[in-house]
Amino acid sequence: MTARWDEDSRADRVADTFRRLYGGSPDGVWAAPGRVNLIGEHTDYNDGFSLPMALPQTTLLAARARTDGRLRLHSAQGDGRITELAVAALTPGVVTGWAGYPAGVVWALAEAGHPVGGADLHFDSTVPTGAGLSSSAALECAVAVAYDELYGLHLRGPELARIAQRAENAFAGVPCGIMDQMASVCCTAEAALHLDARTPEHHRQVPFDLAGQGLRLLVIDTRVTHDLGDGAYAALRAGCERAAALLGLPALRDLPAGELTRALEALPAELVPLVRHVVTENARVAEAVSRLRAGDAAALGPILTAGHASLRDDYRVSCPETDLAVAAALEAGALGARMTGGGFGGSVIALVEAGRERAVGDCMTAAFATAGHRPPRVIEAAPGAGARRLTPTPATR
Ligand code: GLA
């Protein structure tokens, strides 16, 4: 009830600010969430599997179509200025900063041949930025779902996610996979999304009843982002693609776990840990899904912790702060913990029994203080809904 009320009042506020900025009412207010990934990291660009869930934190977008081909963008988290662009002049490289994500979606829709024009857009987000929680995917997906309705496109969720991913790859220049955008568009409340990145259309909702099983999921934002992130992500991706090519496979997803040992013998030493991570991580996703389907969410704990060890030791995308957060969570009695998202900083998730949230949070704060790190931010997350229109609701339209 409270969450619904909060969202309604946020939607009212966003619509009010829109009127003040642009004059007149928006055609609607849409919401798109950030995400955490439960398991299945660095598998999406290997055509593999992952299991993200949407966060309750969302980016709200008040939007109104325009007939003159102009695109105006404003964010409550920006510098106060309205960015104004011509849709016809959008091209990769021309828009920098946060505005590149929404502008990129409009560009990607036009590039794909969809009949889209301009719009007035005002964003207001509660998704933490720089925390590995997909704030950029939330921005993109809010625009994708809003434009879908404003311009009557009738695209399906995975198509909208592909458009958003294209915007991020080609317009913003980030070589990500499709997991974040699929999570933001296609997740449903009280479920995790079993994603097969080779065929996103075949995603499945897996019931994830945390509260009903006496569990809580904590998200610990370590508040560090290491600069090497972008180039390192691209290098890892290239390493995986090289390994698949050497093995004669379309993607690492096509290497069965039973053939792993033999395949590793055929690869150069530097590719061995990458391949081992991807193949074992895909197996962890399958295991997690089967445990959830059997109604045993607590069994995710050791799977998460094993996933972290693989990211730390084989894929090497963890960092001292995320390793510390995982160790502190386990020390305080968490059932399992791991870094989530691309890595090099960002956030850690910890699965805990209800009632232990405080102990884990306190242990985390103490461990970070002892190590001389900034205090982490700990929030509790429950699986939320994917991108959607908030107002006008179908009934009042
Ligand atoms: C980032 C990317 C995703 C995915 C993860 C790692 O979040 O945007 O596509 O590759 O890293 O799992």
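Whatever order the structure lists ligands and atoms in, that order sets their numbers, starting from 1. Along the sequence shown, residues are numbered consecutively beginning with 1.
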What is the ring orientation for Phe368 with His373, classed by angle as parallel under 30°, tilted 30 to 60°, or perpendicular over 60°?
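Judged by the thresholds at 30° and 60°, the geometry between Phe368 and His373 is perpendicular.
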May I ask you to identify the nearest protein heavy atom to atom 10 (O) of ligand 1, giving residue, atom name and distance to one decimal place in Å?
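Protein heavy atom with the smallest distance to atom 10 (O) of ligand 1: Tyr233 OH, 2.6 Å.
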Who's the nearest protein heavy-atom neighbour of atom 5 (C) of ligand 1, and how far?
Met179 CE, 3.8 Å
Which of the numbered atoms in ligand 1 are under 4.0 angstrom from any heavy atom belonging to [X]?
{"X": "Cys176", "value": "2 (C), 8 (O), 9 (O)"}
{"X": "Arg35", "value": "7 (O)"}
{"X": "Gly177", "value": "9 (O)"}
{"X": "Tyr45", "value": "10 (O)"}

Does the N or O separation between Asn37 and ligand 1 drop below 3.5 Å for any pair?
no
Taking the six-membered ring where the residue is Trp, are the ring centres of Tyr233 and His42 under 6.0 Å apart?
yes
Run the contact test for Asp180 against ligand 1 with a 4.0 Å cut-off on heavy atoms, strictly below, and give the result.
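Judged by the 4.0 Å heavy-atom criterion, Asp180 does count as contacting ligand 1.
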Judged by non-hydrogen atoms, does Met339 sit under 4.0 Å from ligand 1?
no
Please report the C-alpha distance between Asp313 and His277 in whole Å, then the side-chain angles of each, then the deciding distance to 0.1 Å, and finally whether the side chain to side chain donor-acceptor pair (under 3.5 Å) criterion is met.
CA-CA 9 Å; Asp313 303 336; His277 167 75; over 6 Å; no
Sequence neighbours excluded, the answer for ring pair (Phe, Tyr, Trp, His ring centres under 6.0 Å) partners of Tyr151 is Tyr147
By ring pair (Phe, Tyr, Trp, His ring centres under 6.0 Å), which residues pair with His203, not counting sequence neighbours?
none
Test your reading of the model: is there a side-chain donor-acceptor pair from Asn282 to the backbone of Phe49, 3.5 Å cut-off?
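Here the side-chain-to-backbone pair exists.
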For residues Arg64 and Ser25, is any side-chain donor paired with an opposing acceptor at under 3.5 Å?
no
Option nearest atom 9 (O) of ligand 1 (shortest heavy-atom distance, choices Asp44, Leu236, Ile178)
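Minimum heavy-atom distance to atom 9 (O) of ligand 1 goes to Asp44.
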